[in-house]
Number of protein chains: 2
Amino acid sequence: MNIKFNNRDPVYIQVIRHFKEQIATGRFEPGQEIPSRRELANQLKINPNTAQRAYKEMEEQGLIYTEGNLPSRITKDASIIKAVREELILEAVNSFIASVQSINVPLDEALQLVKNNYENFTVEQEDIHD
Amino acid sequence: MNIKFNNRDPVYIQVIRHFKEQIATGRFEPGQEIPSRRELANQLKINPNTAQRAYKEMEEQGLIYTEGNLPSRITKDASIIKAVREELILEAVNSFIASVQSINVPLDEALQLVKNNYENFTVEQEDIHD
DNA sequence: AAATATGTATTAAGCCCTTAGTACACCTCT
DNA sequence: AGAGGTGTACTAAGGGCTTAATACATATTT
């Protein structure tokens with residue numbers, strides 16, 4: 001468990017986002033046990049209450065579930081998992097289109113830019129902070 | 001002047017973002033006079049101090065300039081204007097790539113999604129709030 | 001039984017952003 | 001000279017998010 005936090009979004013939102021990514025890609029499998037609130041807080045160096053808030057929202061959204069006071073687990077509902085992935089993708093696509101259209105970047109140019117930067121992107125990211 | 005504000009980013013950040021878009025696309029021309037702090041606040045229904053904060057940061061970044069106590073103007077520095085456009089584009093591209101890679105969307109699929117949604121995007125946006 | 005770990009809940013404080021109200025110096029226009 | 005608009009600056013209050021410090025019931029482990 002490792003999250004690169006930025007300073008503009010609330011931490012609990014970024015935690016939820018990270019879990020959604022893990023669920024959408026299958027790195028978190030259905031029914032898989034996840035860290036307790038306190039353990040997650042320790043791992044991420046955040047406050048237990050912040051972890052609790054993230055978990056609470058995820059539980060309300062059906063992303064995770066908790067039986068009794070056992071460690072929470074990833075949902076087994078395939079339709080939710082599928083919806084999460086589609087939500088993330090749609091969000092990324094719409095956000096990108098809105099951005100490039102707001103600065104009048106034509107479709108061809110936008111596609112070309114993505115193509116040119118996709119492969120070696122992870123490498124470049126090492127220099128990016130915040 | 002019309003900005004659709006969201007609730008997650010600080011208002012003065014969104015104002016700056018809007019000005020950058022206008023500058024990058026040439027809708028704000030070099031040397032063009034811009035609304036005073038108070039007038040902008042009136043137009044956008046925000047507090048004059050928030051407008052002041054946005055203008056102050058833009059002045060520090062060289063996006064606008066102020067001579068005496070005359071209304072501020074858009075920079076005439078072509079290199080800054082070019083840099084703004086490139087910054088916005090790079091930001092959009094990197095953000096998009098980071099998003100799709102985090103959920104393992106292959107390049108081909110990502111490009112196809114952008115292509116499929118680019119044309120009719122402005123229409124769909126009418127239903128989107130917040 | 002005792003200790004530990006779990007989920008859950010409450011209260012308080014601090015920080016950032018926004019809003020609000022005010023103030024001052026400067027310039028332009030009447 | 002006076003009025004109005006400009007940039008600029010300051011203090012104060014409120015809201016949302018985070019952090020902090022506890023607290024409690026339950027289940028598991030020792």
Side-chain angles (χ1 to χ4, degrees), chain A residues 1-20 23 28 31-76 129-130, chain B residues 1-20 23 28 31-76 129-130:
Chain A
M1 185 78 60
N2 180 26
I3 306 182
K4 293 180 182 175
F5 289 113
N6 64 55
N7 297 328
R8 62 186 182 288
D9 300 317
V11 173
Y12 76 96
I13 295 289
Q14 298 182 61
V15 171
I16 294 174
R17 163 89 194 187
H18 180 259
F19 270 78
K20 283 185 176 178
I23 293 174
F28 281 174
Q32 176 179 339
E33 187 176 313
I34 58 178
S36 74
R37 277 76 166 161
R38 291 177 177 85
E39 188 180 341
L40 182 77
N42 271 335
Q43 290 181 14
L44 302 182
K45 312 297 182 190
I46 62 177
N47 192 278
N49 296 312
T50 305
Q52 157 66 3
R53 180 161 187 182
Y55 275 26
K56 186 177 181 182
E57 288 216 10
M58 286 194 288
E59 185 134 23
E60 289 171 352
Q61 294 176 26
L63 303 177
I64 65 176
Y65 66 94
T66 309
E67 293 172 341
N69 56 352
L70 297 177
S72 302
R73 294 179 175 277
I74 301 296
T75 182
K76 295 175 180 175
H129 302 290
D130 174 23
Chain B
M1 186 77 60
N2 179 26
I3 306 182
K4 292 179 183 176
F5 290 113
N6 64 56
N7 296 330
R8 63 186 183 289
D9 299 316
V11 173
Y12 77 96
I13 295 289
Q14 298 183 59
V15 171
I16 295 174
R17 163 89 194 187
H18 181 259
F19 270 79
K20 283 185 175 178
I23 293 174
F28 281 174
Q32 177 179 337
E33 186 175 314
I34 58 178
S36 73
R37 278 76 167 159
R38 291 177 178 83
E39 189 180 341
L40 182 77
N42 271 335
Q43 289 181 14
L44 302 182
K45 313 297 182 189
I46 62 177
N47 192 277
N49 294 314
T50 304
Q52 158 65 4
R53 180 161 188 182
Y55 275 26
K56 187 178 183 181
E57 288 217 11
M58 287 194 287
E59 186 133 25
E60 288 171 353
Q61 295 178 25
L63 302 177
I64 65 175
Y65 67 94
T66 309
E67 293 173 340
N69 57 351
L70 296 177
S72 302
R73 293 179 176 277
I74 301 295
T75 182
K76 295 175 181 173
H129 301 290
D130 182 9

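Letters A, B, ... mirror the listed sequences (proteins, then strands); counts begin at 1.
A/N69 places its CG atom 10 Å from the P atom of C/dT6, with the value rounded to the nearest Å. The distance from atom CZ of A/R73 to atom P of C/dG7 is 11 Å, rounded to the nearest whole Å. If you take CG of B/N7 and P of C/dT19, they are 11 Å apart, rounded to a whole angstrom. B/I64 has its CD1 atom 8 Å from the P atom of D/dT8, to the nearest Å. Distance CD (B/E59) to P (D/dT6): 15 Å, rounded to an integer number of Å. Taking atom OH of residue A/Y12 and atom C1' of nucleotide D/dT18, one finds them 11 Å apart after rounding to whole Å. In this entry the distance linking CD1 of B/I13 with P of C/dC16 reads 14 Å, nearest Å. At whole-Å resolution of the value, CG in A/L40 and P in C/dT8 are 14 Å apart.
For A/R73, the side chain to side chain contact (heavy atoms under 4.5 Å, CB included) partners two or more places apart in sequence, or in a different chain, are A/E33, A/Y65. For A/N69, the side-chain hydrogen bond (donor to acceptor under 3.5 Å, both in side chains) test picks out no residue, with sequence neighbours left out.
Although no hydrogens or angles enter the test, the distance criterion places a donor-acceptor pair under 3.5 Å between the side chain of A/Q14 and the main chain of A/D9.
Dashed line: the shortest gap from a side-chain N or O of A/T66 to OP1 or OP2 of C/dG7 is not under 4.0 Å. Under 4.0 angstrom from either OP1 or OP2 of C/dT8 there lies at least one side-chain N or O belonging to A/R37.
Smallest separation of non-hydrogen atoms from B/I46 and B/A51: CD1-N, 4.1 Å.
Cation-pi geometry between B/R53 and B/Y12 is met: under 6.0 angstrom from the ring centre, within 45 degrees of the axis.
Residues of residues 41-56 of chain A having a heavy atom closer than 4.0 Å to DNA chain D, listed by number: A/N47, A/N49, A/T50, A/R53.
Counting heavy atoms from C-beta outward, A/V15 and A/L40 have side chains that approach closer than 4.5 Å.
Judged purely by distance below 3.5 Å, without hydrogens or angles, the side chains of B/E59 and B/T66 pair a donor atom with an acceptor atom.
Listed candidates were D/dG7, D/dT28, C/dG7. Nearest to the side chain of A/L70 is D/dT28. Here the side chain of A/P10 is nearest to one of D/dC17, D/dT8, D/dT6, namely D/dC17.
Side chain B/R38 to base D/dG5: no donor-acceptor pair is found below 3.5 Å.
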